[in-house]
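Worksheet for the structure shown next.
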Amino acid sequence: MFRNQYDNDVTVWSPQGRLHQIEYAMEAVKQGSAVVGMKNATHAAIAAVKRVPSELASYQKKLFAIDEHCGVGIAGLTADARTINNFLQTECLNHRYAYSRPMPLSRLVGTLGNKMQVTTQEESGRPYGVGLLMIGFDHKGPHLIQIDPSANHYECKGMSIGARSQSARTYLEKHLDTYQATQTVEDLVRHALRALRDTLTNDQELSSKLVSVAVVGKDHPFQVYDDQLVEDLISEVIKEPRATVRPAQSTFAVQAEDLMEEDTNRPPPPDPEVAVALDVAVHRGTNP
Amino acid sequence: MAHRYDINSALLRDLKVPLDGRTSSSHSATPKQHSQGPSVSGTAVIGVAFKDGIVLAADTVGSYGTLCKIRTVPRLLKVNKNTVLAMSGDYADFQFIEQHIGKQSIRDFNSDDGYEWSPKSLHSWLTRVLYNARSKIDPLWNSYVVGGYETETNRPYLGGLTMLGISYTSPYVATGFGRFIAQPFLADQVEKNPELDEKTARVAAIHALRLLYYRNRESSNKYQLAVVTKDNAVVEPVKEFETAWDTALMIRGYD
């Protein structure tokens with residue numbers, strides 16, 4: 001039932017200094033379909049894989065406009081994301097009302113971080129089960145910000161979250177210089193689609209039904225491109241050869257075998273110790 | 001005429017207040033009163049935009065009714081290197097606003113994200129605050145002129161604001177009495193020379209104050225100027241302008 005006895009509520013530390021409920025919330029993000037984001041000197045773009053819960057249902061929306069100058073892509077619990085979106089939209093609207101100018105992304109994310117942090121320290125309730133990639137444009141230029149259920153947020157050059165998103169991160173790391181130097185929105189979105197393509201399984205391929213793209217930048221209000229609007233770019237990208245996807249199962253098997261072999265040559269692992277910082281050095285075992 | 005503070009009834013009321021200074025709201029001798037007029041107040045302020053900046057002008061009197069209670073009080077506030085504010089009306093209400101602006105400036109500084117007041121955002125925020133207060137039937141008794149350089153648009157910004165929350169932008173602004181005396185003069189100046197330079201704007205602003213001084217007993221010839229150009233805002237030290245009264249005798253009713 002439980003992985004261990006330290007995960008009953010979010011306020012209890014494990015002896016290893018971990019908060020398991022928060023880590024489980026971070027796992028919820030990985031259950032959601034992938035979102036990738038990146039930026040160049042003038043624009044930021046996000047692309048997401050949409051899922052369809054059944055043949056008779058429409059695709060789950062993944063990208064949401066917050067204000068003219070920013071929007072988010074979500075992975076995890078959609079219902080939680082809607083609460084967060086509502087909060088973000090209200091904040092942006094209030095800021096515009098008071099100051100007649102858009103809210104800077106740093107301030108927006110700061111207030112969201114404060115709101116989310118509370119859920120990681122209260123025993124009633126739970127952390128939000130959703131990760132966000134926020135893009136926006138303000139007085140500091142384009143932004144891409146990753147926000148976790150742990151209430152951490154990171155300013156990124158390129159990032160991906162959600163299922164199989166490691167493949168997209170590999171692409172984003174490899175092509176960092178290339179997409180940062182892109183001069184047009186189209187080139188930036190092409191890179192987003194290529195990165196997103198790497199998160200798909202072998203039996204899937206990019207299609208306008210499956211993919212949502214959103215862009216924001218200088219003199220370019222946040223806009224989601226769905227369906228026909230991304231069709232042309234997708235048709236270009238899918239003509240390119242796919243990154244070699246190793247069959248997942250065999251790779252895992254090889255790694256497992258390697259580990260097994262190595263393990264036989266190693267001394268047995270040490271007993272687990274309680275990870276609590278002590279002010280006196282404790283010596284155990286063979287240490288004199 | 002504004003409601004005057006009645007010292008005798010105030011003393012009588014104070015006697016009924018408990019010694020610890022707390023007033024019981026349900027047994028208060030007098031009901032809570034909203035502002036019904038200013039106490040110490042400043043008169044008209046002037047704003048003139050020129051080709052690549054703006055100039056604000058105000059005299060330095062703090063009046064208590066018709067009494068010149070304070071002769072030298074600053075009515076121009078430098079908010080940052082792009083933004084200045086000129087006040088007229090109740091000085092205490094201005095100090096309340098000044099504190100809020102200062103607190104927000106400190107929060108902006110602490111955020112360390114390069115985001116701070118701009119003339120447009122200050123003008124907008126003041127409009128909200130004043131309109132909100134008047135909607136509670138407890139107005140802040142001020143008119144403002146907000147000026148500065150808007151970095152977003154790379155243009156000078158000049159706006160006016162009344163105590164009811166009516167706000168507007170214009171190449172020349174005056175508050176209070178200045179709307180009748182100074183504004184027609186400024187309109188004429190700008191019409192003759194739409195692309196004013198800094199020097200002409202300064203002379204026009206000072207002359208607008210002079211016109212007011214001739215006709216308004218609450219004003220004085222001690223004044224301050226604030227000049228904002230790109231990346232530079234200066235509130236200048238107090239000076240005095242010259243006046244000539246020799247034509248006054250020609251005015252009917254002067255003596």
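Residues A/S33 and A/K62 bring a donor and an acceptor atom of their side chains to less than 3.5 Å of each other.
Contacts of B/N132 with chain A are absent, with no heavy-atom separation under 4.5 Å from either backbone or side chain. With a 4.5 angstrom heavy-atom cutoff, B/T127 does not touch chain A via any of its atoms.
A salt bridge links A/D67 with A/R96; the closest basic N to acidic carboxylate O contact falls under 4.0 Å.
Interface check for chain A: of the options B/R128, B/H123, B/K120, the most heavy-atom pairs under 4.5 Å are formed by B/R128.
Figure legend: cation-pi geometry between A/K218 and A/F137 absent, as NZ or CZ is not positioned both under 6.0 Å from the six-membered ring centre and within 45° of its axis.
Residues B/V48 and B/I54 fail the side-chain proximity criterion, which asks for heavy atoms closer than 4.5 Å.
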